[in-house]
Amino acid sequence: MNIVIFGPPGAGKGTQSKFIVNKFNLHQLSTGDLLRNEIKNKTQLGSEISSIINSGELVSDKIVGNLIEKFISNNTYKNKIIFDGYPRTLIQAKDLDDLLKKYKQKIDIVLKLSVSLETVKKRILERQTKEKRTDDNEEIAIKRYKTYEKSSKQVIDYYQHSNLLKVVNGEARISEINSEISGLIDAIKGWLWRIWTYKY
């Protein structure tokens with residue numbers, strides 16, 4: 001089973017991704033981690049990525065796509081991936097579909113954590129107080145939320161049209177969100193199992 005998870009900063013996406021990874025024995029694919037690993041391992045590509053980032057530019061879809069393909073093509077992760085923070089654009093979503101198809105895989109469910117801007121602001125400020133994070137303040141929270149809403153709309157619509165999108169109430173308590181996500185994933189797993197047994 002391959003899953004995509006969406007949510008603005010402060011929605012609890014990281015917390016829920018860890019929960020899904022542990023409960024359903026999946027592997028988290030974070031593009032940020034993939035890029036950092038290349039830099040850390042001092043590969044030729046890592047050097048190129050470092051130069052791009054240091055110059056203030058965005059790493060191209062081609063480079064990100066190559067790193068993701070390396071991950072997807074590894075049998076250890078086959079049909080056991082949760083995509084966290086990717087795809088961010090419609091082009092990336094379509095590229096991901098093509099890549100998965102190439103390795104006889106697909107996205108089974110897309111989870112969107114739905115939270116209001118007011119909730120995000122409250123959580124960010126609480127995090128700032130607890131963790132003393134300098135990158136968390138109300139102004140940044142508002143900007144990130146609006147950027148997410150604008151940039152993710154086409155991708156969300158794309159998955160909605162594919163009947164893969166499930167909206168999760170991100171305003172609830174962590175345990176309640178865990179329970180809702182578990183129910184959605186278990187339902188998809190049951191459906192996939194019935195299809196598999198029917199075919200074979």
Side-chain angles (χ1 to χ4, degrees), residues 1-34 68 71-72 74-88 92-93 96-97 99-101 103-124 126-127 130-131 141 144-145 148-149 151-200:
M1 167 171 277
N2 293 320
I3 299 170
V4 172
I5 186 165
F6 282 106
K13 189 162 55 73
T15 300
Q16 294 305 324
S17 293
K18 282 175 190 159
F19 164 75
I20 295 167
V21 164
N22 292 331
K23 175 155 189 184
F24 295 98
N25 192 28
L26 300 181
H27 300 275
Q28 189 174 1
L29 187 154
S30 159
T31 51
D33 287 345
L34 293 180
I68 287 172
F71 196 97
I72 289 172
N74 187 329
N75 277 332
T76 303
Y77 310 130
K78 188 171 184 180
N79 285 318
K80 290 182 178 181
I81 304 171
I82 175 164
F83 294 90
D84 176 7
Y86 188 90
R88 291 180 184 272
Q92 288 179 351
L96 180 59
D97 277 352
L99 261 183
L100 287 167
K101 201 178 290 180
Y103 295 98
K104 296 181 172 55
Q105 299 180 61
K106 62 184 177 61
I107 298 297
D108 296 298
I109 185 172
V110 177
L111 301 169
K112 180 193 174 190
L113 291 174
S114 181
V115 291
S116 68
L117 177 55
E118 286 307 309
T119 298
V120 167
K121 285 196 291 189
K122 184 182 170 191
R123 288 179 183 174
I124 293 278
E126 283 174 357
R127 194 165 70 184
K130 284 179 186 174
E131 301 176 18
R144 285 179 177 167
Y145 185 91
Y148 161 79
E149 287 287 302
S151 65
S152 67
K153 188 181 184 309
Q154 280 190 312
V155 188
I156 296 293
D157 288 347
Y158 175 73
Y159 285 125
Q160 192 164 28
H161 291 148
S162 305
N163 293 318
L164 293 172
L165 185 70
K166 302 292 180 187
V167 179
V168 176
N169 177 18
E171 304 271 346
R173 287 196 292 264
I174 291 174
S175 59
E176 291 171 339
I177 300 171
N178 289 166
S179 180
E180 186 176 353
I181 286 174
S182 289
L184 290 169
I185 294 174
D186 282 334
I188 294 291
K189 283 177 75 178
W191 179 75
L192 290 172
W193 174 252
R194 284 195 296 275
I195 286 179
W196 188 85
T197 50
Y198 176 77
K199 282 170 74 176
Y200 299 100

Is it true that a side-chain atom of N2 and a backbone atom of I81 form a donor plus acceptor pair closer than 3.5 Å?
yes
Taking CG in L117 as the centre, count heavy atoms belonging to other residues, nucleotides or ligands within less than 6.0 Å. Is the count above 12?
yes
Could you work out, with side-chain hydrogen bond (donor to acceptor under 3.5 Å, both in side chains) as the rule, every residue matching E180, not counting sequence neighbours?
none
When you look at NZ of K80, are more than 12 heavy atoms from neighbouring residues, nucleotides or ligands closer to it than 6.0 Å?
no
Main chain of S116, side chain of E171: is a donor-acceptor contact present, judged purely on distance under 3.5 Å?
yes
Decide yes or no for I72 and L96: does some side-chain heavy atom of the first lie under 4.5 Å from some side-chain heavy atom of the second?
yes
Under the side chain to side chain contact (heavy atoms under 4.5 Å, CB included) rule, collect the residues that match up with K166, sequence neighbours excluded.
I109, L111, L184
Sequence neighbours left out, what passes side chain to side chain contact (heavy atoms under 4.5 Å, CB included) with S152? Give chain and number order.
Y148, I156
Partners passing side chain to side chain contact (heavy atoms under 4.5 Å, CB included) against Q154 (at least two apart in sequence or in another chain):
L90
Run the salt-bridge test on D97 and K101 with the 4.0 Å N-O cut-off and return the result as yes or no.
no
So which pairs with a foot in residues 1-31 pass ring pair (Phe, Tyr, Trp, His ring centres under 6.0 Å), sequence neighbours left out?
H27-Y77
S17 side-chain N/O to K13 backbone N/O, donor-acceptor pair under 3.5 Å:
yes
Backbone of P8 reached by a side-chain donor or acceptor of R144 within 3.5 Å:
no
Taking side chain to side chain contact (heavy atoms under 4.5 Å, CB included) as the test, write out the residues that go with R88, two or more places apart.
Q92
